[in-house]
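Written out below as structure tokens is the structure these notes cover.
If you're wondering where the values come from, they're calculated on a predicted model, not measured in any experiment.
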Amino acid sequence: MLDFLMQSPEADEALRRPCMDVAVVMRRERIDNVWQPWRWVLADVVPQEEGFGDKPRLLLKDANEERWLHPGFRVELHLGDAEGYYLNVTTPQPCFWVVWRMEEEAALADEPIAVPQIVTLSYHDAGRWLDAQETVEQVPAPPGVVQWMQHFVDVHHVLEAKRRQRPQSFKPLVDRFGSPARISTEKMSGKGGGGHV
């Protein structure tokens, strides 16, 4: 099993943020559908290796499946998105999210293939891409990556304190029409409306 090389700014002053380099494996698989016999899915996110090079390449092709390796993605942890990593790391299964698109015209193979665009660990990033109608898929993050992300969250994420609600007794009283209400502590007279309100 390959290990992810997670770097932090303390380890290298040239780095502005914690980061890791990864590659994405996309899989084209045969499905039982007359109209669309194939579909593309995210297969894995793996540690980047020198031997991968810098261009996508076909790893496997047979009658039922194709696998493509897409190297050269950097996953960074941004201080401004500590909450996004907190939301990821506190889920039952923390994960990598990958945004991918189909080529408009075939450039890497005989026909268009799925090409990853972004890899992130941020729950907020994934949500924004989904809101933009992009294809976003996820794969589980390995324990070492989860620990790395957890350490970042522990150092940089501050839970927002719940705002203290003002006690009801301090709220101004209003009548049913929203106008300020008047209250008197004087006793009302029992005779013909001579009391005060």
Side-chain angles (χ1 to χ4, degrees), residues 1-8 12 15-78 81 84-85 87-89 91-150 152:
M1 165 118 181
L2 301 171
D3 286 329
F4 286 87
L5 177 61
M6 291 151 287
Q7 302 170 353
S8 65
D12 184 348
L15 296 172
R16 294 189 314 264
R17 5 184 126 82
C19 62
M20 73 176 78
D21 293 324
V22 302
V24 177
V25 180
M26 296 298 296
R27 182 175 70 238
R28 182 183 187 227
E29 57 189 20
R30 187 171 289 285
I31 56 174
D32 188 20
N33 184 315
V34 175
W35 306 108
Q36 183 182 339
W38 296 94
R39 74 172 169 196
W40 283 94
V41 295
L42 171 63
D44 206 355
V45 173
V46 298
Q48 176 73 25
E49 286 191 18
E50 248 183 71
F52 291 170
D54 60 357
K55 301 225 183 315
R57 64 180 167 143
L58 181 64
L59 296 176
L60 171 124
K61 183 172 184 173
D62 63 27
N64 295 312
E65 178 181 16
E66 248 180 67
R67 284 186 186 240
W68 283 80
L69 176 72
H70 298 266
F73 290 90
R74 176 157 282 186
V75 178
E76 294 181 326
L77 299 182
H78 300 265
D81 201 8
Y85 311 122
L87 292 172
N88 187 2
V89 84
T91 62
Q93 179 58 71
C95 62
F96 283 106
W97 283 282
V98 175
V99 179
W100 62 267
R101 295 179 185 144
M102 289 298 295
E103 291 181 300
E104 290 185 18
E105 294 182 13
L108 299 168
D110 294 339
E111 52 189 293
I113 68 168
V115 178
Q117 306 294 311
I118 294 167
V119 182
T120 184
L121 288 165
S122 168
Y123 187 91
H124 290 321
D125 279 351
R128 282 190 285 271
W129 286 107
L130 281 168
D131 289 346
Q133 306 296 310
E134 295 284 353
T135 303
V136 181
E137 291 190 64
Q138 65 189 55
V139 292
V145 172
V146 175
Q147 289 169 358
W148 177 67
M149 187 170 37
Q150 180 68 62
F152 183 86

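Annotation for Gln93: atom CD counts as buried by contact number, over 12 foreign heavy atoms lying within 6.0 Å.
The shortest heavy-atom contact between Gln48 and Ala23 is OE1-CB, 3.8 Å. When all heavy atoms of Glu104 and Pro112 are compared, the pair lying nearest together is O-CG, 4.4 Å. Contact detail for Tyr123 and Asn88: the closest heavy-atom pair is CB-N, 4.2 Å. For the pair Glu76 and Tyr85, the tightest heavy-atom approach, listed with the atom from each and the gap, is O-OH, 3.4 Å. The two residues Glu103 and Leu108 have their closest heavy-atom pair at OE2-N, 3.4 Å. The heavy-atom pair separating Leu121 from Trp97 by the smallest distance is O-CZ3, 3.6 Å.
The distance from atom CG of Asn33 to atom CH2 of Trp38, rounded to the nearest 0.5 Å, is 13.0 Å. In this structure, CD in Gln117 is found 10.5 Å from CH2 in Trp100, a value given to the nearest 0.5 Å. Rounding to the nearest 0.5 angstrom, the gap separating the CZ atom in Arg57 from the CG atom in Leu69 is 5.5 Å. Atom CZ of Arg17 is separated from atom NE2 of His78 by 4.5 Å, given to the nearest 0.5 angstrom. For the atom pair CZ (Arg101) and CD1 (Ile118), the distance works out to 7.0 Å, reported to the nearest 0.5 Å. Note that SG of Cys95 and CD of Glu137 are 11.5 Å apart. Values are rounded to the nearest 0.5 Å.
The side-chain heavy atoms of Val115 and Ile113, taken from C-beta on, include a pair separated by under 4.5 Å. Contact check for Val139 versus Val98: no side-chain heavy atoms found under the 4.5 Å cut-off. Counting heavy atoms from C-beta on, the side chains of Glu65 and Arg27 come closer than 4.5 Å. Here the side chains of Met102 and Trp40 are in contact, with some heavy-atom distance below 4.5 Å. By the 4.5 Å heavy-atom criterion applied to side chains, Phe73 and Val45 are not counted as neighbours. The side-chain heavy atoms of Thr120 and Val75, taken from C-beta on, include no pair separated by under 4.5 Å.
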Criterion side-chain contact (heavy atoms from CB on, under 4.5 Å) on Leu42 and Val24, from CA distance to verdict: CA-CA 8 Å; Leu42 171 63; Val24 177; 3.5 Å; yes
Using the side-chain contact (heavy atoms from CB on, under 4.5 Å) rule, take Val145 and Met20 through it: C-alpha gap first, then chi angles, then the decisive distance, then the call. CA-CA 9 Å; Val145 172; Met20 73 176 78; 3.8 Å; yes
Begin from the C-alpha positions of Leu58 and Arg67 and carry the test side-chain contact (heavy atoms from CB on, under 4.5 Å) through to its verdict. CA-CA 6 Å; Leu58 181 64; Arg67 284 186 186 240; over 6 Å; no
Check step by step if salt bridge (charged side-chain N to carboxylate O under 4.0 Å, His left out) holds for Glu29 and Arg39. CA-CA 6 Å; Glu29 57 189 20; Arg39 74 172 169 196; 2.6 Å; yes
Give the C-alpha distance, both sets of side-chain angles, the deciding distance and a yes or no for side-chain contact (heavy atoms from CB on, under 4.5 Å) between Asp125 and Asp81. CA-CA 9 Å; Asp125 279 351; Asp81 201 8; 4.0 Å; yes
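Trp68 and Glu66 share a side-chain donor-acceptor pair at under 3.5 Å.
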